[in-house]
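Written out below as structure tokens is the structure these notes cover.
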Number of protein chains: 2
Amino acid sequence: MNYQDFFRSALDQLRDDGNYREFAELERHRGAFPAAICHNGPGEVTIWCSNDYLGMGQHPDVLAAMHNALDRTGAGAGGTRNISGTTHDHVQLEAELADLHGKEAALLFTSGYVSNWATLRTLGARIPGLTILSDALNHASMIEGIRHSKAARRIWKHNDLADLEAKLAALPLNAPKLIAFESVYSMDGDIAPIAEICDLADRYNAMTYLDEVHAVGLYGPRGGGIAERDGLMDRLTVIEGTLGKAFGVMGGYIAASAELCDFIRSFASGFIFTTALPPAVAAGATAAVRHLKSSTTERTAHQARVAEVRARLDAIGLPHIDNPSHIIPVMVGDPVKCKFISDTLLRDHGIYIQPINYPTVPKGTERLRITPSPVHSAADVDTLVSALETLWTQCQLARRPIAAQ
Amino acid sequence: MNYQDFFRSALDQLRDDGNYREFAELERHRGAFPAAICHNGPGEVTIWCSNDYLGMGQHPDVLAAMHNALDRTGAGAGGTRNISGTTHDHVQLEAELADLHGKEAALLFTSGYVSNWATLRTLGARIPGLTILSDALNHASMIEGIRHSKAARRIWKHNDLADLEAKLAALPLNAPKLIAFESVYSMDGDIAPIAEICDLADRYNAMTYLDEVHAVGLYGPRGGGIAERDGLMDRLTVIEGTLGKAFGVMGGYIAASAELCDFIRSFASGFIFTTALPPAVAAGATAAVRHLKSSTTERTAHQARVAEVRARLDAIGLPHIDNPSHIIPVMVGDPVKCKFISDTLLRDHGIYIQPINYPTVPKGTERLRITPSPVHSAADVDTLVSALETLWTQCQLARRPIAAQ
């Protein structure tokens with residue numbers, strides 16, 4: 001066995017399939033985001049694919065809270081949550097998040113990935129006889145947690161209530177069940193029928209686990225997500241969110257009953273055996289959550305900017321999925337052209353949009369996933385639309401909209 | 001099925017067994033660590049159980065780098081490494097870490113936990129026929145990654161070369177194998193026979209995976225860990241480390257060949273589908289790694305402080321494991337007394353040392369895990385030793401040393 005040869009040939013295969021990823025090396029300008037330097041590219045660029053959806057990563061309150069925490073308490077937490085790593089900043093953030101979602105408690109993790117993986121893995125492994133009913137398009141972190149739990153699982157068709165109900169009805173009413181799904185799906189931008197899923201959960205005695213990572217901060221009067229916007233937070237057993245997208249920093253969490261959070265806190269390997277988030281990260285996230293609880297300016301501007309980009313793309317006939325969220329997937333439908341457009345946007349137009357190819361999305365649905373934000377200017381939009389129009393012609397891509405979900 | 005009842009009874013069981021964890025809510029004073037406020041305790045305390053082993057979490061270079069990065073670039077990375085989240089600060093840190101370990105490349109993860117879990121899971125799942133030979137006392141993150149990979153596994157007796165060799169010899173010479181182990185084991189503080197394990201790896205055509213999280217920054221002329229101290233870095237396939245202990249910030253990494261790092265980068269779900277570390281965290285870690293490459297002051301002072309505490313404990317006959325590392329496990333051997341001593345140290349003496357009970361350590365080996373640092377003063381040591389002496393008498397605990405490993 002030659003290990004190096006094995007690694008090399010696996011990477012060659014990726015390259016041959018067009019799936020080898022190259023990372024753009026960026027350096028944002030604080031206060032001028034979405035502007036950034038692309039160190040391994042053309043220099044100055046505008047980022048159009050960030051998940052810092054509201055630009056909170058450069059909000060003065062967030063940065064002040066982080067500076068303050070560094071000055072007050074230093075850099076790292078210095079230990080796991082149990083062994084010297086629980087700080088005042090963590091406790092405050094957990095209280096803020098419980099309040100955001102109207103739950104008794106919240107529990108922080110080092111990332112949204114870890115919160116999904118550790119929570120679903122622990123529930124699945126620890127509740128005897130649990131069946132997890134998982135939406136077919138759930139995020140990798142949920143899939144890994146469910147698989148790793150070794151619990152029984154049923155994959156239901158994406159956002160398909162009839163299929164979910166059929167799978168629920170096939171299980172004994174008294175058997176423990178958990179329905180795991182997302183609110184906003186990140187690649188298509190479509191939104192789950194949360195109320196109807198909760199109805200089914202009630203009817204079949206199931207818990208619900210809702211991933212709101214692409215919605216927290218962005219929807220609802222206080223930024224609690226789609227479930228808050230629709231008045232459904234109290235119907236969900238677990239709401240999971242991230243501090244690394246609209247809240248602009250890093251980390252993940254669940255909000256749920258005091259008992260459920262304490263159960264995960266007490267049994268989840270991925271929570272227990274890892275160094276806690278730096279206090280400054282927790283403090284920055286707390287500032288972002290607090291700000292977006294009271295300010296709707298960012299959310300309103302965000303929705304307006306998204307609507308504007310969509311209208312401008314429609315005006316020139318560029319196909320994009322017409323979903324009800326803030327994510328604009330512009331469909332290319334060919335991996336080579338998708339990468340070519342992305343490369344050319346970067347090199348010739350200073351526009352950075354990472355191409356999304358298989359396996360992140362199905363083959364034939366390769367796309368540019370555009371995420372407008374309140375910090376993109378009207379001039380940024382003009383430049384983007386004009387560059388896309390030029391490239392669409394150059395690549396001889398179709399201009400009729402593809403069918404929306 | 002009543003879910004709340006289930007969670008409640010599982011927590012009650014933990015409490016009945018004496019294994020329910022309560023977290024001390026701390027707030028360190030920057031520049032005055034190990035001093036901190038314990039918000040849910042007696043107020044001012046001295047922390048004696050932190051993994052910020054050298055106090056780098058308050059080093060001026062580290063804090064300046066973090067302030068600077070916040071000012072320069074903002075709070076979060078804004079995306080996964082692939083989608084807008086690779087920053088100049090990440091790339092610089094990876095280069096610094098590759099250099100630290102004399103490897104071609106390094107790859108950052110959001111935590112040491114995730115680096116172990118994701119790397120071992122990916123190697124185990126992707127290399128056909130791989131058998132992972134895992135030390136019996138490996139960390140939870142390694143165990144989870146190995147289990148989740150579904151690769152064949154053999155657990156060898158802790159640090160037992162004969163048992164490892166027997167298990168290697170029982171496998172076909174040409175079959176792919178990976179020996180996974182740690183340098184410094186965190187609960188007993190003992191150190192693996194790295195050279196001899198590498199000899200066996202050579203003889204039986206195995207890769208080696210060494211977790212140095214409790215050693216990086218602390219051992220070796222440039223802080224590369226035990227493998228650097230012993231001149232063995234080039235013999236290891238993968239060296240895994242953390243930025244959250246001696247380096248004082250947060251994050252984890254592997255250092256290895258360019259191909260191996262690229263393989264993990266390209267296939268590990270736990271690397272790909274998660275928001276990158278904040279640039280300020282990466283910048284702080286880079287500053288810590290750079291400082292400890294050139295400065296040996298902290299390492300020398302650390303070893304001296306550890307030796308002093310050990311000698312003072314010996315002078316009053318307090319039993320501790322006489323290991324060759326910086327971790328001083330003071331053995332209590334009873335869960336109730338261990339928690340009582342910890343509670344009393346905190347309440348009456350302002351000394352915070354979290355009790356370590358089952359399941360983190362075997363029953364009957366309950367302990368106080370003391371981690372002296374260069375920032376503990378002579379007066380701190382006096383207070384600690386005197387308080388321990390008082391409590392040892394009060395609890396009628398034996399004073400003869402237990403057998404070392």
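Below, read A as the first sequence line, B as the second, and so on, with proteins coming before strands; counting in each chain starts at 1. All heavy atoms count here, side chains included; hydrogens, waters and symmetry mates do not.
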Taking every non-hydrogen pair under 4.5 Å, which of [options] racks up the most with chain A?
options: B/Cys38, B/Ser50, B/Gly85; answer: B/Ser50
options: B/Ile272, B/Asp71, B/Asn174; answer: B/Asp71
options: B/His39, B/Arg121, B/Arg8; answer: B/His39
options: B/Ile356, B/Asn51, B/Thr86; answer: B/Thr86
options: B/Asp52, B/Thr87, B/Asn19, B/Asn82; answer: B/Asn82
options: B/Ser111, B/Ala276, B/Gly270; answer: B/Gly270

With a 4.5 angstrom heavy-atom cut-off, could you sort out which part of [X] is near chain B: side chain, backbone, both or neither?
X: A/Val114; result: side chain
X: A/Ile83; result: both
X: A/Leu173; result: neither
X: A/Pro279; result: neither
X: A/Tyr53; result: neither
X: A/Asn40; result: neither
X: A/Ile127; result: both
X: A/Trp117; result: side chain
X: A/Ala175; result: backbone
X: A/Ala10; result: both
X: A/Leu178; result: neither
X: A/Ala280; result: neither
X: A/His67; result: both
X: A/His90; result: neither

>> Taking 4.5 Å as the heavy-atom cut-off, does anything in residues 244-251 of chain B contact chain A, and if so which residues?
In response: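 Those residues of residues 244-251 of chain B which have a heavy atom under 4.5 Å from chain A are B/Gly244, B/Lys245, B/Gly248, B/Val249, B/Met250.
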Shortest non-hydrogen contact between [X] and [Y], atoms and distance:
X: A/Ser266; Y: B/Leu14; value: CB-CD1, 3.5 Å
X: B/Pro278; Y: A/Val281; value: CG-CG2, 4.4 Å
X: A/Pro355; Y: A/Leu368; value: CA-CD2, 4.3 Å

Nearest-0.5 Å distance that lies between atom [atom1] in [X] and atom [atom2] in [Y]:
X: B/Ser84; Y: A/Arg28; atom1: OG; atom2: CZ; result: 6.5 Å
X: A/Phe273; Y: B/Ser186; atom1: CZ; atom2: OG; result: 9.5 Å
X: B/His148; Y: B/Thr122; atom1: NE2; atom2: OG1; result: 9.5 Å
X: A/Leu171; Y: A/Thr131; atom1: CG; atom2: OG1; result: 5.0 Å
X: B/Leu243; Y: B/Thr110; atom1: CG; atom2: OG1; result: 11.0 Å

[options]: which one forms the most heavy-atom pairs within less than 4.5 Å of chain B?
options: A/Ile37, A/Ile47, A/Leu63, A/Ile143; answer: A/Leu63
options: A/Ala32, A/Ala140, A/Pro176, A/Ala258; answer: A/Pro176
options: A/His29, A/Met56, A/Glu144; answer: A/Glu144
options: A/Asp262, A/Thr80, A/Asp89, A/Val213; answer: A/Asp262
options: A/Thr275, A/Leu277, A/Thr242, A/Asn205; answer: A/Asn205

> Can you check whether A/Val62 reaches A/Met66 side chain to side chain, under 4.5 Å on heavy atoms?
Replying inline: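 Sidechains of A/Met66 and A/Val62: in contact.
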Where the side chain of [X] meets the backbone of [Y], is there a donor-acceptor pair that is under 3.5 Å apart?
X: A/Thr73; Y: A/Ala69; result: no
X: A/Gln58; Y: A/Phe33; result: yes
X: B/Thr208; Y: B/Thr237; result: yes
X: B/Arg265; Y: A/Arg21; result: yes
X: B/Ser342; Y: B/Ile353; result: yes
X: B/Arg72; Y: A/Glu27; result: no

Measuring heavy-atom distances to chain A, does [X] have an atom under 4.5 Å in its side chain, in its backbone, in both, or in neither?
X: B/His59; result: neither
X: B/Ala77; result: backbone
X: B/Leu70; result: both

> Is B/Glu94 paired with B/Arg81 through a side-chain N to carboxylate O contact shorter than 4.0 Å?
Replying inline: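 Salt bridge between B/Arg81 and B/Glu94, a charged N being under 4.0 Å from a carboxylate O: yes.
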> Is the count of non-hydrogen atoms from other residues, nucleotides or ligands lying under 6.0 Å from A/Glu22 atom CD greater than 12?
Replying inline: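 No, CD of A/Glu22 has 12 or fewer neighbouring heavy atoms, counting only those of other groups under 6.0 Å.
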>> Just by distance, no angles: are the side chains of B/Tyr352 and B/Gln354 close enough, under 3.5 Å, to form a donor-acceptor pair?
In response: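 Looking only at side-chain atoms, B/Gln354 and B/Tyr352 do form a donor-acceptor pair, the distance falling under 3.5 Å.
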>> Could you work out, with salt bridge (charged side-chain N to carboxylate O under 4.0 Å, His left out) as the rule, every residue matching A/Arg369, not counting sequence neighbours?
In response: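 Residues passing salt bridge (charged side-chain N to carboxylate O under 4.0 Å, His left out) with A/Arg369: none at all.
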> When B/Phe263 is tested against each of A/Tyr3, A/Phe7, A/Tyr20 for ring pair (Phe, Tyr, Trp, His ring centres under 6.0 Å), which residue passes?
Replying inline: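 Only one option passes, and that is A/Phe7.
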